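Take a look at the structure below.
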Amino acid sequence: MSTPDWAALRADFPTLHQDVNGKALVYLDSAATAQKPRVVLDALQDFYLNHNANVHRGLHALSMRATDSYEAARLRTAKFVGAADPAEIVFTRGTTESINLVASSWGAANLKKGDVVLITEMEHHSNLVPWQQIALRTGATLRYVPVVGSDAELGLDLDALDRLLTPEVKLFAFGHGSNTLGIVNDAADLCARARKVGAITVVDAAQTIGHQPVDVRAIGCDFLAFSGHKMAGPTGIGGLYGRKALLDAMPPYQLGGGMISVVDFFETKFKPSPERFEAGTPNVADAVALVAAMDYLDAVGREAIAAHDRELAAYAATALAELPGIRILGPRPGQPRAGLVSFALKDAHAHDVVTFADQDGIALRGGHHCNQPLMKKLGLPSSTRASFYLYNTREEVDRLIVSLRRIVKFFSGV
Amino acid sequence: MSTPDWAALRADFPTLHQDVNGKALVYLDSAATAQKPRVVLDALQDFYLNHNANVHRGLHALSMRATDSYEAARLRTAKFVGAADPAEIVFTRGTTESINLVASSWGAANLKKGDVVLITEMEHHSNLVPWQQIALRTGATLRYVPVVGSDAELGLDLDALDRLLTPEVKLFAFGHGSNTLGIVNDAADLCARARKVGAITVVDAAQTIGHQPVDVRAIGCDFLAFSGHKMAGPTGIGGLYGRKALLDAMPPYQLGGGMISVVDFFETKFKPSPERFEAGTPNVADAVALVAAMDYLDAVGREAIAAHDRELAAYAATALAELPGIRILGPRPGQPRAGLVSFALKDAHAHDVVTFADQDGIALRGGHHCNQPLMKKLGLPSSTRASFYLYNTREEVDRLIVSLRRIVKFFSGV
Amino acid sequence: MSDLTDLYQQVILDHNRRPRNRGKLPTANRVAHGDNPTCGDQCSVYIRLEGDRIAEIGFDGSGCAISQASASLMTTQLKGKTAAEAQALFDNFHHIVTTGEAPEEISDVAAFAGVHSFPARIKCATLGWHAALNALKSEPTDASTE
Amino acid sequence: MSDLTDLYQQVILDHNRRPRNRGKLPTANRVAHGDNPTCGDQCSVYIRLEGDRIAEIGFDGSGCAISQASASLMTTQLKGKTAAEAQALFDNFHHIVTTGEAPEEISDVAAFAGVHSFPARIKCATLGWHAALNALKSEPTDASTE
Ligand SMILES: Cc1ncc(COP(=O)(O)O)c(C=O)c1O
Ligand SMILES: Cc1ncc(COP(=O)(O)O)c(C=O)c1O
């Protein structure tokens, strides 16, 4: 595998080539949403210009083309996540909807008092609140795998995990990559532990799917949720991988056109998965454009992207460590770091940091990163996050460090 | 108001200008999904090229621009449907999701045994199955306002409606425009009747929103659901109008980032509407592009579009009536016809008609139109539908008639 | 309309206009129903199995010319056959409609070769066949009480 | 960084570094809490109302320089005022941060005029004020049992 020409790839992302507040944009917020290569925008245009029609129920040429493109997108997505059967891919708006689908459908049908739903303390609200609320609704007990360690050596407490994995645990949901801590969990290992007690596993792959190879069969999970917009695809589309046998046994989620087999006035028979879970007109254009994103990422190589992102994050973490009064969050040594680094400065609050950096053309994110309970536990009301993708460079990290130095100086008043 | 130059407007829709099976495309399937004017595609590109970022939680320039654009889209949508307060607009994937939101959230919280949910026999599956299933779940009784009359004089039985509107009716949901019968119901009148017994009203405006003026205050409804893709906007975006007081009293629907106020490990406080109902990263780009569609439709004028569509449908209905053995479905005289006409031919099944017409470059839809119980009641396993929009012409209707004549001849063997 | 006369061959139009073995079979002891939710096509197949052979077969339902003609032709093909022979005939038919490769010998099923250029219609062409195979696999029913 | 020194004026940096009246007020009989879910800023305001006047006022919480400085400055402004006067002072402050129009007389609140160029930060600047106004509208609390 030859190394990609990163500088050349950067040219594929037109959005990056603009000035912000008079400075060349440095976009370090890809963990929130990624920029899109031109091929994705072209695919979107091409669909609307040439094939736009509603799917499934149409027999005219445009409709057949739209249906074929949509189902080809499902097949491509299955391949992208390593699923054997395209029927195991349900298109959703994104990670949040995918997890809600599992919590509402599988959860409501299978959870009851006495059961335990296990998640971890590092979950994004989208992989926390759905489980918290379905547990409240069904009477199941919600338990957390603790996050332990000091700031720069954080990780899941695996001993606690094994203790928590009792036969009452019906479902274990966890983030593959943490959007706040920059930790990548060993999903295959976690799933293997959970499987021993017969728990269903749900992997939130929002932060990893576009940044490294993700293979549901290698991981051995039952469900995996992801968002297109974080993997260089359009907003409004994402997916859920679910094992076919599980999906087919689940009650439908949303109801309406496209997911029914026979409707009578007082009863309805539903189609099997994946149609069962896709009520109404799906987001065809964005599903089709997602294919271009997957093709793009695989052409660059997700192994290479992972190495690139991780290298930038490590480079940034090392440089950040020099700043006075900084707390850097991160994985314990030996655990892979995702392509992002979160930190807090003693003298400058995250929002002030973000506003300052923005004046230097640098896009950062500050706040609780949809991770309030963890931040509270870490005693950090907020942190600042720089996140990297294949289009970021070392020079951009250098600009970040220069800006942060100025910020520290300004607020510490020295 | 000057009459729009329809021929010139047609040039705004690039997708129409292609050959299908060697003939110039005649797209008569806009009731399934509409084609998009170039300004919508340009808006989509512009967002991705210049402002793409995640919304709400960001303080950097791109994120603030994305947030402003997204909230401006909400404001524009409020204006488009006549809502007083942008907080009354929730963005969804489309009509189906909007109705599911109301059924799941309002329905589960408010319906119980003894209550009645009233809908009509002409509902699309998306405005039928959600009510049927929430009634089954909550123990409420589902009742139907009958569709009465002969083929070409169909309509709701308003006397039956008044009899059915007992104080037990907690909610009345109906389609503003029927996608199968081409009937436009008098939404204001229906809502006024329902209000007398204190029922909440839900209007499915999928078929009307892009074809005629729709004003929630003039209609006096509590909820109104619609899809962007049927009103010349992108796929994957739509909306729900809900009265603020109702929305704020409803439990959330999907759960996750963006809709929470405070999350603790074991409890969560939710934001007020509309954020409460928009979990996860919303479909920002498509919401922003929807603005271009609304601006476009309002620039043409929705009154003018309504007149144009209706005129084409009437012209087509008159010409179709000449075909031997045809059954044409439609509203009783005096009731407005939507811009579509459904029919069944004695000798040729709808699917054969669609396949034949497609060879002539004409895109029709055949089948049950997500309206199985009604079709069963009418004794029609399927029908063929031609639906019109602002870009269609009389010449296209003429081509349809020529093609249908050939089809009848072919199958009747004369 | 050359493509269309490929699709709607004379054999098909004929079976569509004058379906063979149409109607519920009062003496049937195997029944199955098929539907195509995408388009609303319906087909019920009624079989009287004597020993391991199809003694009588009938169908009813509604649908497009392709589905009705194919069901009609199917009944003429399956009469007198065993379940294994029926499966083989279906495999042959399925090959024809998905590949367009018609068999050497001239036969009525070859009329369905044109379907393969209309992939959306393959489901129509196989609806009745699937119902028949399901009927053969089904539990015996007492036709009189049905 | 001219814009930024507009935003982060000396007064603001000073209040941020050395907040006035910071800390929970043990004798408070009115309390309210405000938060900005968008960014996680938190602010609690503690007031001892004597008759209709604010005899004592304090705040705590965490947040950005703008929110902390504004809360600090707010406490210095509200001490000794009635609820109506507090509302008027807030209206004035709100006008400044939303329009950038600073009052003629030189005053510390004028330092917040720069906020108006950063609309996303207006919520930060008003967080403490909202909490104070809510505290004034709240039911009396027995501070000792709180
Ligand atoms: C009357 C009616 N209601 C609801 C829908 C569902 O809309 P969507 O598929 O965009 O959710 C449609 C369109 O298919 C419709 O015509
Ligand atoms: C780890 C993680 N999970 C879930 C989500 C939610 O994804 P989305 O907002 O696309 O639904 C995000 C992104 O915000 C995330 O980082």
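Letters go in sequence order (proteins before strands), and every chain restarts at 1. Quick caveat: nothing in here was measured; it's all calculated off a predicted structure.
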Is A:Leu128 close to chain B through its backbone or its side chain, or both, or neither, when contacts mean heavy atoms under 4.5 Å? side chain
Heavy-atom cut-off 4.5 Å, strictly under: side chain, backbone, both or neither for A:Asp358 against chain B? side chain
Parallel, tilted or perpendicular: ring planes of B:His60 versus A:Tyr27, cut at 30 and 60 degrees: perpendicular
Examine distances only and state if a side-chain atom of A:Glu123 and a backbone atom of A:Gly175 form a donor-acceptor pair shorter than 3.5 Å. yes
Is B:Gln254 in contact with chain A via its backbone, its side chain, both, or neither, using a 4.5 Å heavy-atom distance? both
With a 4.5 angstrom heavy-atom cut-off, which part of A:Leu25 approaches chain B: side chain, backbone, both or neither? side chain
Any side-chain to backbone donor/acceptor pair from A:Arg93 onto B:Ala279? Under 3.5 Å, distance only. no
Heavy-atom contact with chain B under 4.5 Å, split by part of A:Arg65: side chain
Over 12 foreign heavy atoms within 6.0 Å of CZ, A:Arg143: no
For chain A, the option from B:Val263, B:Leu364, B:Ile362 that forms the most heavy-atom pairs under 4.5 Å: B:Val263
Measure A:Leu62 against the heavy atoms of chain B and call it side chain, backbone, both or neither at under 4.5 Å. side chain
Interface moiety of A:Ala34 toward chain B, non-hydrogen atoms closer than 4.5 Å: backbone
Sidechain-backbone polar pair: A:Gln35 side chain, B:Asn52 backbone, donor-acceptor under 3.5 Å: yes
Under a 4.5 Å heavy-atom cutoff, which of B:Lys230, B:Lys36, B:Arg38 has the most pairs with chain A? B:Lys36
Proximity breakdown for A:Ile237 and chain B, heavy-atom pairs closer than 4.5 Å: neither
Side chain, backbone, both or neither: which part of B:Val55 has an atom under 4.5 Å from a heavy atom of chain A? backbone
Given the options B:Thr281, B:Leu255, B:Leu49, which has more heavy-atom pairs under 4.5 Å with chain A than any of the others? B:Leu255
With only heavy atoms counted, which part of B:Leu59 is less than 4.5 Å from chain A, the side chain, the backbone, both or neither? both
Please rank A:Ala206, A:Pro252, A:Gly256, A:Ser63 by heavy-atom pairs under 4.5 Å with chain B and give me the top one. A:Gly256
Is A:Phe91 in contact with chain B via its backbone, its side chain, both, or neither, using a 4.5 Å heavy-atom distance? neither
Verify whether the ring centers belonging to B:Phe266 and A:Tyr144 lie closer than 6.0 Å. yes
Segment of B:Val20 engaging chain A (4.5 angstrom heavy-atom cut-off): side chain
Can you say whether A:Asn283 sits under 4.5 Å from chain B via the side chain, the backbone, both, or neither, judging by heavy atoms? both
Whether the A:Ser387 and A:Ser30 side chains hold a donor-acceptor pair (N or O, under 3.5 Å, no angle test) is what I'd like checked. no
Examine the side chains of B:Ser382 and B:His351 and answer whether a donor and an acceptor come within less than 3.5 Å of each other. no
Would you say A:Ser261's side chain and A:Lys271's backbone share a donor-acceptor pair under 3.5 angstrom? no
Between B:Ser227 (side chain only) and B:His229 (backbone N and O only), is there a donor and an acceptor less than 3.5 Å apart? no
Side chain, backbone, both or neither: which part of A:Met64 has a non-hydrogen atom closer than 4.5 Å to chain B? side chain
If you count heavy-atom pairs under 4.5 Å with chain B, which of A:Gly258, A:Pro373, A:Ala363, A:Ser104 comes out on top? A:Pro373
Donor-acceptor contact present, side-chain B:Asn179 to main-chain B:Ala31, <3.5 Å: no
At a heavy-atom separation under 4.5 Å, does A:Asp29 approach chain B through its side chain, its backbone, both, or neither? side chain
Contacting moiety of B:Leu41, where chain A heavy atoms sit under 4.5 Å: both
Select one option (side chain, backbone, both, neither) describing which atoms of A:Thr141 are under 4.5 Å from chain B's heavy atoms. neither
Leading residue by heavy atom contact count with chain A [cutoff under 4.5 Å; candidates B:Pro14, B:Ala103, B:Ala61]: B:Ala61
Contact leader toward chain B among A:Thr96, A:Thr235, A:Val284, where contacts are heavy-atom pairs under 4.5 Å: A:Thr235
Strictly distance-based, threshold 3.5 Å: is any side-chain N or O of B:Gln18 a donor or acceptor partner for the main-chain N or O of A:His51? no
Backbone of A:Gln372 reached by a side-chain donor or acceptor of A:His125 within 3.5 Å: yes
For atom NZ of A:Lys269, decide whether the heavy atoms of other residues, nucleotides or ligands shown that lie under 6.0 angstrom number more than 12. no
A:Thr33 (side chain) donor-acceptor with B:Ala53 (main chain) under 3.5 angstrom: no
Top residue by heavy-atom pair count (under 4.5 Å) with chain A, among B:Gly366, B:Pro282, B:Pro234, B:Gly367? B:Pro234
Is A:Val262 in contact with chain B via its backbone, its side chain, both, or neither, using a 4.5 Å heavy-atom distance? both
Looking only at heavy atoms and a cut-off of under 4.5 Å, which of B:Leu44, B:Thr268, B:Val354 has the most pairs with chain A? B:Thr268
Is it the case that the side chain of A:Glu121 and the backbone of B:Phe265 share a donor-acceptor pair, with hydrogens and angles ignored and the cut-off at 3.5 Å? no
Measure A:His124 against the heavy atoms of chain B and call it side chain, backbone, both or neither at under 4.5 Å. side chain
